[in-house]
*Asks:* 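One structure, pasted below without further comment.
Here is how names work: the chains are called A, B, and so on, in the same order as the sequence lines, proteins then strands, and each is numbered from 1.
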There are 2 protein chains.
Amino acid sequence: MSNSGFQNSDIQGPLKYISKEEAHALEKELLEDYRFGKQQLIEILGHNCATAVTKAFPLRVLPKKQPTILVVCGPDQNGAIGLVCARHLRTYDYEPTIFYPKRSTDTLFKDFTIQCEKMDIPFLSYLPTEVQLINDAYNLVVDAVLGVEAESQEMKEPCASILGTLKQIRIPIISLDVPSGWNMETGNPDGINPEVLISLMAPKKCVLQYTGKHHYIAGRFLPYDIQKKFELNLPKYPDTDCVVQL
Amino acid sequence: MSNSGFQNSDIQGPLKYISKEEAHALEKELLEDYRFGKQQLIEILGHNCATAVTKAFPLRVLPKKQPTILVVCGPDQNGAIGLVCARHLRTYDYEPTIFYPKRSTDTLFKDFTIQCEKMDIPFLSYLPTEVQLINDAYNLVVDAVLGVEAESQEMKEPCASILGTLKQIRIPIISLDVPSGWNMETGNPDGINPEVLISLMAPKKCVLQYTGKHHYIAGRFLPYDIQKKFELNLPKYPDTDCVVQL
């Protein structure tokens, strides 16, 4: 390619599983050097996650009559990505329901919440402790609780209770970026075991411990120069897809 | 659907071509009531436009050896959508070049510009007046000059000169929302004649005068209640596509 001298076919070497420091440096570079906005990144990643959900669980394969999905959103950025994911799932004719117990006071996150409320997406006021109610009502659960924010939040309420519930449910869990309760680098052998994992931009080190069925990477927008600098060796995204399955 | 009582199959009646007042009211509702951010809307629409370009002109059908595209961006929102469109075209392995002669001082637009510059997308410092140079160098031109901002800008420089050049080129033009130089409601029989038109969210009244080959609507994210309120009667978007061809 004459523009940049780089294209996907230049990729050499195995897929990189990035450390905590690399994940933070990558996001910092996107925000500070490339001048991406937080609103913009959350919108892109939430849309990409919704697209991955439709690939893992197309409408026609859902076991229940209604295409219900429970989206559990944490207090920080992973939760905001979950809100955007729910909104796009609604436009794809799924029926998302959101549980978002600890709402951020940040205007950015409030606006994403209002977008969902105005689109008549139901919000649960509490998560049933009787897990059979969740198994019966929903086809699957999107875990947007903690993501890379795991370490600062994992022992706090309401996240600890949510994790206790998620560990018991039997319908598939789809985790965004880092399964909730996992350490970004070392994982968590006693934690939840999602059936689908959607890595945002690049897989984190903990994904080496992941034994679920499907692993997607979401974030085709990531500039080539950043991919090169961090030696991500991402697989080629097919056609104009924003996600790629490994 | 139990969530909202509305789905695409409820659509009755012909596709609506909206007036200037309706277009403004629709955007106002998105920004003020639904709390969408400008950055978010421009990102969504720019991405959707890039996807439409790939559908109208897949890489394999481009006549030239290099997949070059000239993206001409005006000073306002249509131009910012063009910048985002160029950025996504780059991730789809096209080779966009941007001409953006009148740069906005708005931080929002500056950030979209920096994202393109940091991705090594070339910016032209002037548009060749010899149109054969444009015909020879690019497969097609994306017209993101004026859009719905046409009326306030059409007689001013540098837009008037750009329009003079666009009228003479022979490679296909893809216009975003409203072909530049057209009136949003009445069109312009003496104006440019794009081969592809991408309506943003809903077609404007002027599209009734459009005689080009392909017409796409971009903007699946548009909430159902807004579609209903403005009686848009949009066609069903296929699968998880963000654009639909009419």
*Asks:* Which answer fits A:Thr240, side chain, backbone, both or neither, if we ask what part of it has an atom under 4.5 Å from a heavy atom of chain B?
*Replies:* both

*Asks:* In terms of heavy-atom proximity below 4.5 Å to chain A, should B:Glu43 be classed as side chain, backbone, both, or neither?
*Replies:* side chain

*Asks:* Taking C-beta and beyond as the side chain, do A:Leu30 and A:Pro223 meet within less than 4.5 Å on heavy atoms?
*Replies:* yes

*Asks:* By a 4.5 Å heavy-atom criterion (distance strictly below it), what part of A:Gln40 contacts chain B: side chain, backbone, both, or neither?
*Replies:* both

*Asks:* Can you tell me which portion of A:Asp241 sits under 4.5 Å from chain B's heavy atoms? Options are side chain, backbone, both or neither.
*Replies:* neither

*Asks:* Can you check ring-ring contact (aromatic ring centres under 6.0 Å, His included) on B:Tyr94 and B:Phe57, steps first, answer last?
*Replies:* CA-CA 10 Å; B:Tyr94 291 75; B:Phe57 297 99; 9.2 Å; no

*Asks:* Looking at B:Lys118, B:Gln115, B:Lys110, which has the largest count of heavy-atom pairs under 4.5 Å with chain A?
*Replies:* B:Gln115

*Asks:* Parallel, tilted or perpendicular: which describes the rings of B:Tyr100 and B:Phe123, with under 30° parallel and over 60° perpendicular?
*Replies:* tilted

*Asks:* Go through the atoms of A:Ile44 and report whether side chain, backbone, both or neither lie under 4.5 Å from a heavy atom of chain B.
*Replies:* side chain

*Asks:* At a heavy-atom distance under 4.5 Å, which candidate from A:Glu117, A:His88, A:Arg87 has the highest pair count against chain B?
*Replies:* A:Arg87

*Asks:* Any ion pair linking B:Lys236 and A:Asp93 (charged N to carboxylate O, less than 4.0 Å)?
*Replies:* yes

*Asks:* Looking at B:Val196, B:Asp143, B:Leu197, which hits side chain to side chain contact (heavy atoms under 4.5 Å, CB included) with B:Ile173?
*Replies:* B:Asp143

*Asks:* Does any part of the side chain of B:Leu70, heavy atoms only, come nearer than 4.5 Å to the side chain of B:Ile171, both counted from C-beta?
*Replies:* no

*Asks:* Using a cut-off of under 4.5 Å for heavy-atom pairs, which of A:Leu222, A:Asp33, A:Leu108 has the most such pairs with chain B?
*Replies:* A:Asp33

